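A quick note: this is a predicted structure, and the numbers were derived from the prediction, not measured. Whatever order the structure lists ligands and atoms in, that order sets their numbers, starting from 1.
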Amino acid sequence: MNLGVLVSGRGSNLQAIIDAIEAGKLKDRIALVISDREGVQAIDRCVKHGIPHRVIKRRSFDSKEEFEKKLVEAMKGSGVDLVVLAGFMRVLSPIFLKEFPMKVINIHPSLIPAFQGMHAQRQALQYGARISGCTVHFVTEELDNGPVIAQACVPVLPEDTEESLSERILRHEHRILPQVIRWISEGRVRVEGRKVVVEGARYGTLPFNPELEDF
Ligand code: GAR
C-alpha cells in the first residue's frame with residue numbers, strides 16, 4: 001500500500017511505521033507525510049529517512065473545507081491507499097473522509113470509548129482508572145470513536161504522572177499501529193457494522209495485549 005501519514009508534532013508513531021518498513025515487517029511505503037505544523041520533529045524524521053513530506057497549515061486557507069480539499073488533493077496526488085493519523089491533532093470532516101471511506105485509521109491513547117478527545121492520559125489519571133491503553137480505529141465522523149481494530153492495555157499505577165502513563169501507553173502505540181497497518185495491507189481486515197473482523201488474528205488471554213503477533 002501507499003501510506004499517507006498525517007502528523008502534528010513529535011512523530012514517534014510515524015517513526016514506528018518507518019522502523020517497521022525499514023525492518024522489513026511492513027511491505028508498504030510511505031508515499032507522503034503531511035504536517036499541519038512547521039518545524040516539528042515529525043518533519044525532521046522525514047528528512048532523515050528520505051520520505052516525501054509537506055507542511056499544509058490550516059490558517060493558509062479561508063475555511064476548513066478548503067484546507068481539507070487540499071489535503072485530499074495532496075494525498076490523491078501521491079496515490080495514497082491508506083491514510084494514517086499519527087498524532088494529528090485535528091478532527092477531519094466528511095469533506096476528507098468521504099474521499100477515503102474506511103481508509104483512514106487513527107491511534108488514540110486510551111481504550112475508546114473511554115477518554116476521547118484531548119489529553120486522554122490525563123483524563124484516565126483524573127478519573128482514577130486502573131487500566132488504560134491505546135486504540136487503533138477507523139476514523140468516522142464521530143470524534144475518536146470509529147470501529148476498533150486493535151487495542152492494547154496497560155496498568156495505571158498509583159505513582160503515575162501524566163508523563164509516565166503516556167510513556168507506558170506509547171510503547172504499545174508503537175506496536176499496535178504498525179501491526180494494524182500490516183493486517184490491512186494483507187487484506188485481513190473487514191468491517192461489519194461497528195465491529196472489525198481480523199482474519200486469522202490470534203487472540204490469547206488477558207490481561208495484556210493478546211492480539212499482537214509481531215510488533
Ligand atoms: C500519541 O500519544 C497519539 O496517540 C496521540 O498523540 C500522540 C502523538 O505522539 N493522539 C491523540 O491524542 C489523538 N486524539 P507522536 O507524535 O509521537 O506520534
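Note: R45 CZ to Q41 CD = 4.5 Å, rounded to the nearest 0.5 Å.
A salt bridge between R168 and D160 is present, with a side-chain N of the basic residue lying under 4.0 Å from a carboxylate O of the acidic one. Note on E192 versus K195: no salt bridge recorded, every NZ/NE/NH1/NH2 to OD/OE distance being 4.0 Å or above.
P178 approaches L26 most closely through the heavy-atom pair O-CD2, 3.6 Å.
Sparse packing is recorded around OH of Y127, with 12 or fewer heavy atoms of other residues, nucleotides or ligands lying under 6.0 Å away.
Contacts of ligand 1 (protein heavy-atom distance under 4.0 Å) are R10, G11, S12, N13, G87, M89, I107, H108, P109, D144, L170, E173.
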Enumerate, atom names and distances included, each donor-acceptor pair closer than 3.5 Å involving a side-chain atom of residues 82-104, sequence neighbours excluded.
residue	atom	partner	partner atom	Å
R90	NE	D36	OD2	2.7
S93	OG	E68	OE1	2.7
S93	OG	I95	N	3.1

